[in-house]
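Below: the structure, in C-alpha cells.
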Amino acid sequence: QVHLVESGGGLVQAGGSLRLSCAASARSSTPYTMGWFRQGPGKEREFVAILQLRTGLTYTAEPVKGRLTIARDDTDGTLYLQMNSLKPEDTAVYYCAATAKNSPSLASANTYEYWGQGTQVTVSS
C-alpha cells in the first residue's frame, strides 16, 4: 500500500502561484513513478507531470510546461508541484498518483494504482 495525501490547494488570482505537496507513505510497495494529474469541471482526468524516482527524469504536459514544475524532496519523499503564472484553465482538482509498475504509459491515469484524495485549485480571472 502507498498512501498519498495532497495539500496546498486554494484560491488564487490569474498570474499567481501555488505549491502543491504530496506526502507519501509506502507500506509494501515501492513507487517507481510519481506524478500529478488534474480533473477540471466536466473533464476527464488529465496528465500534468511525472517524475521517475530512480532516475529523476521528469515529463511534463505541454500545456503547463514552463509554468508547472514537478519536484521531490528526497529527504522525506514529499512530491511537489510548483505552480506559477496560473491561468483560469488550470482550475481543477489536482491529484497525486504513484505506480510501482513498469509501464511506458506514464501519461495515462489508468497506469497509476495509488491516488491521493485530491486538492482543489481555483484560479480566478
Side-chain angles (χ1 to χ4, degrees):
Q1 291 284 345
V2 178
H3 291 92
L4 306 171
V5 180
E6 305 97 332
S7 62
L11 174 64
V12 297
Q13 293 190 89
S17 298
L18 285 173
R19 188 179 72 166
L20 306 184
S21 299
C22 174
S25 177
R27 292 287 186 269
S28 59
S29 298
T30 301
Y32 180 80
T33 303
M34 297 183 68
W36 293 95
F37 290 76
R38 67 185 184 185
Q39 188 165 14
K43 297 182 178 180
E44 294 280 311
R45 190 167 299 186
E46 67 176 355
F47 163 77
V48 176
I50 60 94
L51 183 151
Q52 296 182 337
L53 272 58
R54 293 184 180 182
T55 64
L57 294 175
T58 62
Y59 174 37
T60 305
E62 197 65 32
V64 303
K65 191 173 296 183
R67 299 188 301 110
L68 277 57
T69 304
I70 191 170
R72 184 174 184 265
D73 185 341
D74 290 335
T75 64
D76 62 8
T78 301
L79 188 74
Y80 296 100
L81 184 67
Q82 180 64 49
M83 310 171 72
N84 298 325
S85 302
L86 285 164
K87 303 176 180 179
E89 49 263 46
D90 294 318
T91 295
V93 177
Y94 283 72
Y95 296 92
C96 178
T99 181
K101 302 174 183 176
N102 294 321
S103 173
S105 303
L106 295 178
S108 172
N110 292 333
T111 295
Y112 297 83
E113 63 265 38
Y114 305 109
W115 293 88
Q117 82 287 351
T119 185
Q120 177 71 48
V121 172
T122 303
V123 184
S124 62
S125 60

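Below, each value reflects all heavy atoms present in this structure, side chains not excepted, and no hydrogens, waters or symmetry copies.
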Sub-4.5 Å side-chain heavy-atom contact between Val123 and Lys87:
no
Tyr59: what forms a ring-ring contact (aromatic ring centres under 6.0 Å, His included) with it, not counting sequence neighbours?
Phe47
For the residue pair Lys43 and Gln39, what are the closest heavy atoms and their distance?
O-NE2, 3.1 Å
In residues 7-19, what donor-acceptor pairs under 3.5 Å come from side-chain atoms, sequence neighbours left out?
from  : atom 1 : to    : atom 2 : distance (Å)
Ser17 : OG     : Asn84 : OD1    : 3.0

Closest non-hydrogen atom pair, Val93 against Gly118
CG1-CA, 3.8 Å
How many angstroms lie between OG in Ser125 and CD in Glu89, if you round to the nearest 0.5 Å?
10.5 Å
What salt bridge (charged side-chain N to carboxylate O under 4.0 Å, His left out) pairs are there with at least one residue in residues 28-42, not counting sequence neighbours?
Arg38-Glu46, Arg38-Asp90
Which pair of non-hydrogen atoms, one from Ala98 and one from Met34, has the smallest distance, and what is that distance?
CB-CG, 4.0 Å
Would you check if the side chain of Tyr80 reaches a backbone N or O of Thr69 as a donor-acceptor pair within less than 3.5 Å?
no
Is there a path of hydrophobic side-chain contacts, each under 4.5 Å between heavy atoms, that joins Ile70 and Tyr114?
yes
Would you name the heavy atoms of Arg72 and Gly77 that are closest together and state the gap between them?
NH2-CA, 3.5 Å
Return yes if some donor-acceptor pair links the side-chain N/O of Thr58 with the main-chain N/O of Leu51 below 3.5 Å, else return no.
no
Which residue pairs pass the disulfide (SG to SG under 2.5 Å) test when at least one of the two sits in residues 69-125, sequence neighbours left out?
Cys22-Cys96
Please round to the nearest 0.5 Å and tell me the distance separating atom CE of Met83 and atom CG of Leu20.
5.0 Å
For Tyr95, check ring-ring contact (aromatic ring centres under 6.0 Å, His included) against everything at least two apart and list the hits.
none
Same cluster or not: Leu53 versus Leu81, using hydrophobic residues (I, L, V, M, F, W, Y) connected whenever any side-chain heavy atoms lie under 4.5 Å apart?
yes
For the NZ atom of Lys101 and the OH atom of Tyr32, what is their distance to the nearest 0.5 Å?
14.5 Å
Return yes if some donor-acceptor pair links the side-chain N/O of Thr111 with the main-chain N/O of Ser105 below 3.5 Å, else return no.
yes
Regarding Glu113 and Thr99, do their side chains bring together a donor and an acceptor under 3.5 Å, going by distance alone?
yes
In terms of hydrophobic clusters joined by side-chain contacts under 4.5 Å, are Leu4 and Phe37 together?
no
Which atom of Thr60 lies closest to which atom of Val64, heavy atoms considered:
CG2-CG2, 3.7 Å
Short question: side chain of Gln117, backbone of Glu6 - any donor-acceptor pair under 3.5 Å?
yes
Linking Ile, Leu, Val, Met, Phe, Trp and Tyr through side-chain heavy atoms less than 4.5 Å apart, which residues share a cluster with Val5?
none
Tyr112 and Ile50: side-chain contact (heavy atoms from CB on, under 4.5 Å), yes or no, with the steps?
CA-CA 11 Å; Tyr112 297 83; Ile50 60 94; 3.1 Å; yes
